[in-house]
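Report on one structure; see the data block that follows.
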Amino acid sequence: MPTPDKKVIDRIQGLREQINYHNYRYYVLDNPEISDAEYDRLFDELSGLEKKHPDLITPDSPTQRVGATPLEEFKTVRHSLPMLSLNKATSEAEFLDFHRKVLELSKPGEKKIRYTVEPKFDGLAVELVFNSGIFALGSTRGDGVVGEDVTLNVRTIKSIPLRLMGKPNPDLIEVRGEVIMNKEDFERLNKNREKMGQPLFANPRNAAAGSVRQLDPKVTSTRPLNLFAHGTGRVEGKRLANHWDSILYLKELGLKISQYVELCESVEQVKAYYEKILGLRNDLPYEIDGIVIKVNEFSLQEKMGEISRSPRWAVAWKFPAQQEHTRVKDIIVSVGRTGALTPVAMLEPVRVGGAEVSRASLHNEDEIEKKDVRIGDTVVIQRAGDVIPEVVKVVDSKRTGKERKFTMPDRCPVCGSKAERPLGEALHRCTGIACPAQIKENLAHFVSKEAMDMDGLGYKFLEQMVDKKIIQDQADLYFLKREDLMKMERMGDKLAENLLNAINESRSPSLTNLIYALGIRNVGYHLAGVLAKHFKSIDNLAQQTTEDLTQIHEIGPIVAESIYNFFHNPKNLRVLEKLRKGGVKFPAEKVETRVISLSGKTFVLTGGLDSFTRDEARKVIEDMGGRVSSSVSKKTDYVVVGKDPGSKYDSALKLGIQTLDEKDFKEMIGK
Ligand code: IVH
């Protein structure tokens, strides 16, 4: 390796400074000074020099934003000061209430209250830690106390400096802010995803959050994200007396600050600010859902304190949900993964608060009835922040009499099987076990990021594979050959190879991902994690009774029943077996203290055992929570068969009850 001379070192240093400066002009100030081509030239020169002198690469070099390999999972981070949430006001009266309390709590002493006011960004809250000016750690807000370590992803956001600008740098500063995606970028991203057959993001906030909570920083680096800093956590080596100064300070350090932060001296000014920002709302390139009003003086903030994780010195004055009128062109029925039939209003496309809306779920039959929505009706559509668009009500005055009532079909619109509305449920369900719609939805769930994570396998491909009968269930994916893939439209050699690689790489999932992938009704990602932690393996989970399952804090009877039913459905067991045969590794997270429970299991004993008398065997079963019955019925779980068994053995065979010989039985009880 050539020894770098001082000239090279200086050039590298100079290039970094220039690039950082132009990054700042472009991403933070939105006001570039040089052309893209000139910027690229500087960047390429720096990359070239660093390639020749890798020992001169530093982590804060602008070339080092991306590069890490994907993570298995995020580590957790404890915030040194909790990240609080905000109380809400939804009307002027509620804001004035807040102000009255501020006046009361500030007594005695404070006469004049000043408020810093700023937009409430609709994104993902993060904290960035800079040690002596160098970006060291990025984390999500999480539950406010503990978040996820997303440092590698946050590094790829160009409006975040890897090295702070101001001199001297504080010894330590924790910057808090919101990661957002601009509306235009969000729509472009979704258009691309649609082309690739990938699931769409519901709104810019979800797109931003999904991009930051990505295990592969390379993917995050392709997402157009931005960060608005709106406060500080711990600060060492710099004294700040109020929020306004801290915002100015963040700006000085090179962070992106909203151009709309203002200092108000009176409630009248705050009210005027609210009106102004509300008027600007639709013209802003990003989504906001209100304004945040903060008592400016830190001393006063401290005096007022917080209550149930929200400060008493700040409030979010939310904007009303955005509403528009449009016409219901049709009502269609979509079929979900679990066979649920959902009526969906197909709308004359309309822009609601910057996003185009062309469909809105009507949830179920009762909901349609309650709102009396008919085909042809003019309706009010509402979109509130991160909420999926909904039909608020029918505009009665626009009724012409030509509208048509909608009734739920009694057959599944996809497979034609009978649709039923189970007693006590609001939803109709398709009863077809081979319903292609259910299969497709299940597959889409199975391959998704938080499940088996088969990158590139979009909905359009899955749909074709099911329609062409190349696959019938999730496990079939693991038996796909190149020839099978080549039967699909728009498939080329390279793409087929990528897909086969993605499938192959998915063969070693984490237990949480695998449980989630199975698509057990009512088991989302969080619960999958809880189950993985408690039961350590699929086999162990499959053996639990509903009683065992409800022992876990977060699992109620409905979820327990879903899990139990899932593992007692022969079709699912076949798929599990096929997954194993297809080479999927069922991770067995180490079981340190195996607690064996026979709780809820009914045994019948027949024939003589070598190591136990009948009574001893009964006692062992009962001690472990099981029950012994004298006759075999459909409710029997196991028949223990010893020497010279009686007619109970025949009954077991007839009813298809699982039999255990003495060896099996001893294994089961851990002897
Ligand atoms: S200040 C105690 N300022 O709103 C101060 N938060 O509901 C709490 N948010 O998690 C944060 N824009 O992510 C603050 N200008 C702004 C904000 C803002 C959006 C988010 C933030 C927080 C949530 C609280």
Side-chain angles (χ1 to χ4, degrees), residues 77 79-90 94-95 98 101-102 105 115-128 138-148 150 154 157 174-182 203-206 208-209 212-213 225-235 240 242-244 246-248 250-251 255-264 270 273-274 276-278 280-281 284 286-298 300-319 384-387:
V77 177
H79 303 297
S80 52
L81 295 174
M83 290 179 78
L84 302 174
S85 46
L86 290 166
N87 285 323
K88 291 178 190 59
T90 53
E94 284 178 14
F95 159 62
F98 161 80
K101 276 190 210 124
V102 170
L105 287 163
Y115 291 114
T116 319
V117 286
E118 38 197 89
K120 182 164 195 304
F121 306 99
D122 206 4
L124 177 79
V126 293
E127 178 171 79
L128 315 169
S139 56
T140 60
R141 173 169 179 267
D143 62 4
V145 178
V146 175
E148 284 171 323
V150 288
V154 166
I157 302 175
E174 292 171 352
V175 177
R176 283 157 179 202
E178 203 82 357
V179 176
I180 55 132
M181 190 180 286
N182 280 349
N203 50 49
R205 197 189 73 91
N206 283 7
V212 173
R213 300 193 58 258
L225 299 170
N226 246 313
L227 176 111
F228 277 110
H230 55 54
T232 53
R234 216 156 36 117
V235 182
L240 294 164
N242 60 53
H243 188 69
W244 177 254
S246 73
I247 293 288
L248 292 182
L250 289 172
K251 191 169 171 185
L255 286 141
K256 189 169 176 130
I257 299 299
S258 163
Q259 68 186 102
Y260 299 106
V261 185
E262 286 181 22
L263 191 57
C264 292
V270 176
Y273 177 81
Y274 175 89
K276 177 173 107 181
I277 302 295
L278 179 59
L280 275 173
R281 177 186 200 182
L284 291 179
Y286 43 83
E287 294 208 323
I288 60 171
D289 56 352
I291 63 167
V292 183
I293 302 154
K294 302 172 186 172
V295 166
N296 192 44
E297 296 306 320
F298 286 160
L300 189 48
Q301 288 186 3
E302 245 162 71
K303 186 165 159 188
M304 298 175 74
E306 65 193 66
I307 184 160
S308 58
R309 304 232 157 272
S310 303
R312 283 195 273 221
W313 45 263
V315 73
W317 186 357
K318 303 271 276 195
F319 293 147
D386 55 343
V387 182

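What's counted below: heavy atoms across the whole structure, side chains too, no hydrogens, waters or symmetry copies. Model, not experiment: these values are computed from the prediction. All ligand and atom numbering here is 1-based and tracks the order in the structure.
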Residue set satisfying salt bridge (Lys or Arg N to Asp or Glu O under 4.0 Å) with Lys276, at least two apart, ordered chain then number -> Glu262
For the pair Glu118 and Lys294, find out whether any cationic side-chain nitrogen is under 4.0 Å from an anionic carboxylate oxygen. yes
Sequence neighbours excluded, the answer for salt bridge (Lys or Arg N to Asp or Glu O under 4.0 Å) partners of Lys120 is none
Donor-acceptor pairs are to be reported for all side-chain atoms of residues 309-316 against protein atoms at under 3.5 Å, with residues two or more places apart or in another chain.
from, atom 1, to, atom 2, distance (Å)
Ser310, OG, Ser85, O, 3.4
Arg312, NE, Met304, O, 3.0
Arg312, NH2, Met304, O, 3.4

Inset, instruction - Report yes or no: does Tyr115 contribute a side-chain atom to a donor-acceptor pair with the main-chain N or O of Val292 at less than 3.5 Å? - result: no
Per the under 4.0 Å non-hydrogen criterion, ligand 1 touches Leu84, Ser85, Leu86, Glu118, Pro119, Lys120, Phe121, Ala125, Arg141, Glu178, His230, Val292, Lys294, Pro311, Trp313
**Message:** Less than 4.0 angstrom from a charged side-chain N to a carboxylate O is my criterion; do Arg213 and Glu148 meet it?
**Reply:** yes
